[in-house]
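Heads up, the thing below is written out as structure tokens.
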Amino acid sequence: EKGGYPHFMLKEIFEQTDTIFDCIRGRVVANGTAIKLSGVNDHPDRFINAGRILIVACGTSWHAGLIGARLIENFARIPTRVEYASEFRYANPVIRPDDVVIAISQSGETADTLAAIRLAKEAGAFVYGICNAVGSSIARETDTGTYIHVGPEIGVASTKAFTGQVTVLTMLALAIGQLKGTISSEQIAEVGRSILRLPDLIAETLELNPQIEKLSAIYTYVHNFLYLGRGYNYPNALEGALKLKEISYIHAEGYPAAEMKHGPIALIDKEMPTVVIAPDDELHEKVISNIQQVKARGGSVIAIVTKGDTTIPAMADHVLEIPRVPEALSPIIAAIPLQLLAYHIAIMKGCNVDMPRNLAKSVTVE
Ligand code: M6R
């Protein structure tokens with residue numbers, strides 16, 4: 001049932017061409033010029049009148065939430081906050097009846113996320129679920145929502161669920177923006193058309209696999225890794241670091257790239273490699289200066305760049321090229337090399353990637 005792959009994790013990484021196809025099917029319509037999400041279309045008033053959006057989740061789903069918040073603020077102009085469900089539920093949070101609370105959970109069974117939505121419902125908020133497991137507790141207890149439809153995820157390290165969550169959040173942000181008129185039809189079409197190309201773009205990105213496998217041999221025995229990214233890719237840096245630590249047991253930290261000079265730069269030496277997610281976007285120049293700072297301190301740099309970039313390859317030790325996409329979609333594509341890097345390093349260390357020590361697939365304890 002691993003479909004010829006040695007591990008569920010690798011199967012689930014490679015399956016993302018199909019899972020994203022299933023995730024977007026019937027939702028990005030009219031050749032990419034319109035978004036159809038029943039959770040939004042059936043409750044327009046809730047979104048038009050929303051004072052705020054609060055996103056609650058744990059782990060990888062929380063990282064997807066951080067990307068989602070940026071997408072929603074950018075496209076739908078609704079103030080959005082992201083909370084760890086475990087903190088939110090005990091923080092005596094201010095929840096208003098005109099809030100929309102979005103709960104993100106692959107399993108739909110995470111105890112803290114379930115408790116957070118119960119709190120939100122008691123306070124009269126409208127609760128929207130983004131789940132994978134159909135009929136799960138969170139899916140049942142939310143007012144409405146959108147399934148990510150990526151199929152069962154067996155590997156403990158979440159991969160295809162993450163890209164499915166971010167894809168749904170992108171469609172959600174566009175759908176609310178479309179409803180509220182906060183984005184133009186040209187903007188919707190620009191992102192929408194590229195969403196339809198995601199399965200092909202993911203297939204192209206997966207071709208990095210042999211290169212990443214070779215690269216992993218160089219870094220198998222390091223003790224620390226730094227991950228940097230900006231904008232939509234800052235949460236991706238957190239996610240890349242989480243992936244590596246949970247399956248390879250290598251300590252890794254993710255930071256917004258510009259924060260490096262406020263402390264973490266002190267850690268950099270030739271023993272500590274830095275992964276920099278640096279697609280060719282608005283913040284490209286800024287990230288280039290971060291790479292120079294790492295290099296100046298003897299650190300090695302693995303950079304994820306847009307195909308055709310000539311500046312970063314001249315300074316980084318290793319370059320992983322991803323296809324060009326609109327900025328909003330770059331975290332989905334950039335997540336793939338991060339997943340493969342964690343996978344290969346863990347395999348080379350001899351770790352059990354599908355069932356890492358101390359972890360369970362679904363955290364139903366508090
Ligand atoms: O099922 P959920 O999405 O609610 O799970 C949340 C976290 O437990 C989960 O994402 C965890 O962090 C994964 N092991 C990450 O790979």
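Both counts, for ligands and for their atoms, begin at 1 and track the order of listing. Fair warning: this is a prediction, and the values are worked out from it, not measured in the lab. Quick note: numbers below take in every heavy atom, side chains included, and nothing from hydrogens, waters or symmetry partners.
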Original post:
So, for Y219 and H344, is the gap between ring centers shorter than 6.0 Å?
Top reply: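 Not close enough - the centres of the two rings lie 6.0 Å or further apart.
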Original post:
Which atom names give the shortest non-hydrogen contact between P356 and I247, and what distance separates them?
Top reply: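 That closest heavy-atom pairing would be CG-CG2, 4.1 Å.
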Original post:
With respect to R89, which candidate in E366, E122, E83 satisfies the salt bridge (charged side-chain N to carboxylate O under 4.0 Å, His left out) definition?
Top reply: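 Testing R89 for a salt bridge (charged side-chain N to carboxylate O under 4.0 Å, His left out) against E366, E122, E83 leaves exactly one candidate, E366.
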Original post:
Under the criterion side chain to side chain donor-acceptor pair (under 3.5 Å), which of E153, E12, Q106 is the partner of S158?
Top reply: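 Running side chain to side chain donor-acceptor pair (under 3.5 Å) over E153, E12, Q106 with S158 returns exactly one hit, E153.
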Original post:
With sequence neighbours excluded, what pairs up with E109 under the salt bridge (charged side-chain N to carboxylate O under 4.0 Å, His left out) test?
Top reply: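 Per chain and number, E109 pairs via salt bridge (charged side-chain N to carboxylate O under 4.0 Å, His left out) with no residue.
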Subject >> Distance-only donor-acceptor check, side chains T142 and K121, under 3.5 Å >> reply: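 No, no side-chain donor-acceptor pair sits under 3.5 Å.
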Original post:
Considering only heavy atoms, which protein residues lie less than 4.0 Å from any atom of ligand 1?
Top reply: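 For ligand 1, the contacting residues are C58, G59, T60, S61, S105, Q106, S107, T110, V156, A157, S158, K243, E246, V363.
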